Amino acid sequence: MGGNGDGTKQGGMRDGLTSYGDPGFSLYLRKSFAKSMGYSDSDLDRPVIGIADTGSDYNNCHRTMPELVEAVKRGVMYAGGLPLAFPTVSLGEPFLNPTSMLFRNLMAIDTEEMVRALPMDAVVLIGGCDKTVPAQLMAAASAGIPAINLVTGPMMTGSWRGERLGACTDCRRMWGRYRGGELDDQEIGEIEDSLTTTAGTCMVMGTASTMALMTEALGMMLPGGAAIPAVHADRLRQAEATGSRAVAMAAEGLTPDRIMTPAAFANALRILLAVGGSTNGLVHMTAVAGRRGIAVDLEAFDRMSEETPVLVDLKPSGQNYMEDLHKAGGLAAIMRELGPLLDLGCLTVTGRTLGEELDARPAPWPQTIVRPRSQPIYEKGGIAVLRGNLAPETAIVKRSAATPELLRHTGRAVVFDSPADLALRIDDPDLDVTAEDILVMRNAGPKGAPGMPEAGYLPIPKKLARQGVKDMVRISDARMSGTAFGTIVLHVCPESAVGGPLALVQTGDRITLDVDARRLDLLVDEAELERRRAAWTAPDPHPGSDRGWLKLHMTEVRQATGGADFDFLVPPVTAKTPV
Ligand code: FES
């Protein structure tokens, strides 16, 4: 948003005028039409705060959007501003085909362009479900006006026959038991009713929870905002305070470039590791940082992982849920434990530093959810970065959610050519597979699937599941839901659809995973690989990729190491993180 194209900026309704060739006429017309909605001259003289309203009947996680928008509006008005909500694309994980990730950049573009095109002095971005918060952060980083994030907040847990349940670690665990024949149709039906019983986002340390905590650590959210449950009264108070703060940010001209610094991204990445967060957090924060010309240095991130313990006892790495983290003090409790591992001098949306905000939080109290650094859930960070001839440009593994004995394993590859091929054959009783084998799936990356779906959690073949096999090494160029668990190697780069080595693996090849050594290697000699490379042909184009969004996606999308953002949206790299 930048004045009227002639360098003048007067604020509020007077900025970003519609082009009629006569600015006076444009303002007169705008005010006249705004008055048709009942606004007075006094209303229209106030600073304008846009509110990105992402409510949708296709997004259960945003069910409380109407009351959140109302609370933000209240806060804006108390502080003397004019709140104006506007709709954007909304992405509800389970409703989008083939995957919400295909549309994250669409939401980012939509949000950025509306923030630019509509008159507003600051914007409140309300998101929650997995891709919405990254899309809004990307938009904020690119649009450049004062921006503040608010999330819908996590769901409360449910229960089934006395067992506490939460989405979606327990969704997967129970589905695994059903596949293994331990639960019948009646029982899985009852569980379906009991997993997600309130408004809000998935309440384990999945992508939504991870992104909320990373956003608060980045400094883009009011302190304490990440973990408040969706249905808690504190959530509405947080929304109101966010609205009020947006008015002050507009007056101060506190823009995201002052908050989103390399050190702030390093803080966010540190939190990703310390909470045992979703691997998606790395892809998304890479995309957000990219919008600021900041590259994520994966080698440095891996070193950070070595010195950052997992402290938070939440599923899938631990046992509890986001409502427990809120009761334990939320992000502040984690940051206090990490202390010197964070840069507490980073500026936040409050205009104060992370350290100042931390000092202002209530003193810690006894709790068991955030562990002391001396007694971590896992001694090292949740995510490790791998390299090797199977992943020349890296792959990642969430070691905190893996089976320790499988972190060093050599096995025979059983290859699936695509997610569709996997669905077709994984449960075939005649599938030649044992528990020691390594399941490999390709053509599931940013271009291959397309959209890099959360298909990396390859199911255990039914015949092995029925024998009690709970985990196997699984490798793909896909992503994985942050709620999932297992010894799963993801984001293999370059992806197979662009000719990465994953395209060359054949069933029967041997593969070695050695997480301590950070290696992922295909034990096939280079001459044979060269023969296979020469014979390789790219997959057929996806149906529909000759036009529209899919065409743009296929042309522009970067690999996972580039955050899967679009090339033309990313400025040249000028800095790196972690620092
Ligand atoms: Fe929206 Fe899980 S489905 S956060």
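Whatever order the structure lists ligands and atoms in, that order sets their numbers, starting from 1. Side chains are part of it too, since the values below use all heavy atoms of this structure and drop only hydrogens, waters and symmetry mates. Predicted model only: the values in this text are computed from it and were never measured.
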* Please determine, by modelled atom types, if S100 and E93 share a side-chain donor-acceptor pair under 3.5 angstrom. => yes

* Using a cut-off of 2.8 Å, how many protein N, O or S atoms lie below it in distance from atom 1 (Fe) of ligand 1? -> 2

* To do: For residues A497 and K447, report the shortest heavy-atom separation together with the two atoms involved.
  => CB-C, 4.3 Å

* Determine, stepwise, if the pair K380 / T308 fulfils side-chain contact (heavy atoms from CB on, under 4.5 Å). => CA-CA 5 Å; K380 296 172 180 174; T308 308; over 6 Å; no

* Asked: Is the NZ or CZ atom of R172 positioned over Y457's six-membered ring, under 6.0 angstrom from the centre and within 45° of the axis?
  -> yes

* According to the ring-ring contact (aromatic ring centres under 6.0 Å, His included) rule, which pairs have a member within residues 217-240, sequence neighbours left out? -> H232-H326

* To do: Can you see which heavy atom on A395 is nearest to which on A391, and at what distance?
  => CB-CB, 3.8 Å

